[in-house]
Amino acid sequence: MPILVEVTGLTYGFRGPQGDLAVLRGLDLVIRPEEVVVVTGPSGSGKSTLLSLVGLLRRPPPGTVSIFGVDVATASHATLDGLRGRMRFVFQKSYLVGTLTVLENVLSSLVPLPETNRAFDDARARQMLRNVGLADKAAALPHQLSGGQQQRVAVARALVALPELLIVDEPTAALDREAARVVVEQIRLLTRTMGCGVLLTTHDDRIMDIATRRLHLEDGMLVAVQSASSSPA
Ligand SMILES: Nc1ncnc2c1ncn2[C@@H]1O[C@H](COP(=O)(O)OP(=O)(O)OP(=O)(O)O)[C@@H](O)[C@H]1O
Ligand SMILES: [Mg+2]
């Protein structure tokens with residue numbers, strides 16, 4: 001089975017006024033298709049930093065991060081753009097485009113097809129909005145939506161592209177139980193039907209069961225978490 005994400009001995013930090021801050025300290029992680037890897041950890045432990053490195057938003061040190069088999073540190077901009085086309089990111093904040101309608105935001109994730117196929121994209125985007133319970137909001141602008149509804153649009157925008165790798169930072173913090181379940185089920189559907197791999201951070205106990213594997217980030221390292229069902233009696 002191909003490896004989607006391979007992180008080996010990743011060390012990463014920030015330079016600040018009070019000196020250097022080492023956030024990730026020799027971290028290892030492998031993600032394969034159909035896996036849903038859930039990372040928990042205290043606030044400030046480096047979860048979003050890890051996601052930004054795997055999500056190609058920052059350059060990792062050479063030889064530490066491979067995505068779809070490509071060493072990110074030494075890849076060209078063109079190669080990185082190619083990798084980005086195969087993944088989608090849902091941020092802790094939803095980052096919808098405020099001047100586009102909800103439907104247009106979802107459509108923006110799809111590579112435009114020739115004019116004759118627009119209707120197909122449109123139908124897919126509307127179906128995805130239906131899947132996250134927002135069929136009636138297609139024509140609304142983001143500021144007319146609640147925070148939780150905006151977050152669901154961001155999830156729909158990511159899922160509609162059928163990415164091979166989905167990176168999700170705290171997707172359900174602003175959602176009630178039912179909406180959180182809807183988001184989780186849509187993500188699970190993508191992994192089961194398309195073989196997508198998922199890297200997701202959360203504090204939300206209501207959605208831990210989405211994980212095929214749980215990891216805890218503390219002191220710059222990832223430690224496996226025994227799930228309740230697999231721990232010895
Ligand atoms: N651009 C930056 N410059 C300097 N320090 C940063 C930067 N981004 C993050 N940090 C620091 O790195 C550490 C890890 O931050 P990160 O956002 O990865 O944490 P997190 O685990 O996602 O936390 P939360 O659960 O609150 O979202 C924190 O101490 C943070 O202050
Ligand atoms: Mg974070």
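Atoms considered below: every heavy atom in the structure, side chains included; atoms not considered: hydrogens, waters and symmetry mates. First listed ligand is number 1; within each ligand, the first listed atom is number 1.
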Tell me, yes or no, whether the heavy-atom count around Arg25 atom CZ, taken from other residues, nucleotides or ligands under 6.0 Å, exceeds 12.
-> yes
Polar contact flag, side-chain donor to acceptor under 3.5 angstrom, Asp71-Ser66 = no
When you look at Arg84 and Asp81, which way does the salt bridge (charged side-chain N to carboxylate O under 4.0 Å, His left out) test go after all the steps?
-> CA-CA 5 Å; Arg84 286 190 187 102; Asp81 279 346; 3.0 Å; yes
The protein N, O or S atoms lying under 2.8 Å from the Mg ion (ligand 2) are Ser48 OG, Gln92 OE1
Could you name the protein residues that come within less than 4.0 Å of ligand 1, counting only heavy atoms, and order them by chain and residue number?
-> Phe14, Leu21, Val23, Pro42, Ser43, Gly44, Ser45, Gly46, Lys47, Ser48, Thr49, Gln92, His203
If every non-hydrogen atom of Leu107 is compared with every non-hydrogen atom of Asp122, which pair is closest and at what distance?
-> CD1-OD1, 3.7 Å
Which residues share a side chain to side chain donor-acceptor pair (under 3.5 Å) with His203, sequence neighbours left out | Glu170
Are Arg192 and Glu34 close enough that some pair of their side-chain heavy atoms sits under 4.5 Å apart?
-> no
Do the side chains of Thr8 and Thr64 get nearer than 4.5 Å, heavy atoms only?
-> no
Step-by-step side-chain hydrogen bond (donor to acceptor under 3.5 Å, both in side chains) determination, Ser108 to Arg157 = CA-CA 8 Å; Ser108 72; Arg157 178 176 61 181; 4.8 Å; no
Sorted by chain and residue number, the side-chain contact (heavy atoms from CB on, under 4.5 Å) partners of Ser76 (sequence neighbours excluded) come out as Ala78, Thr79
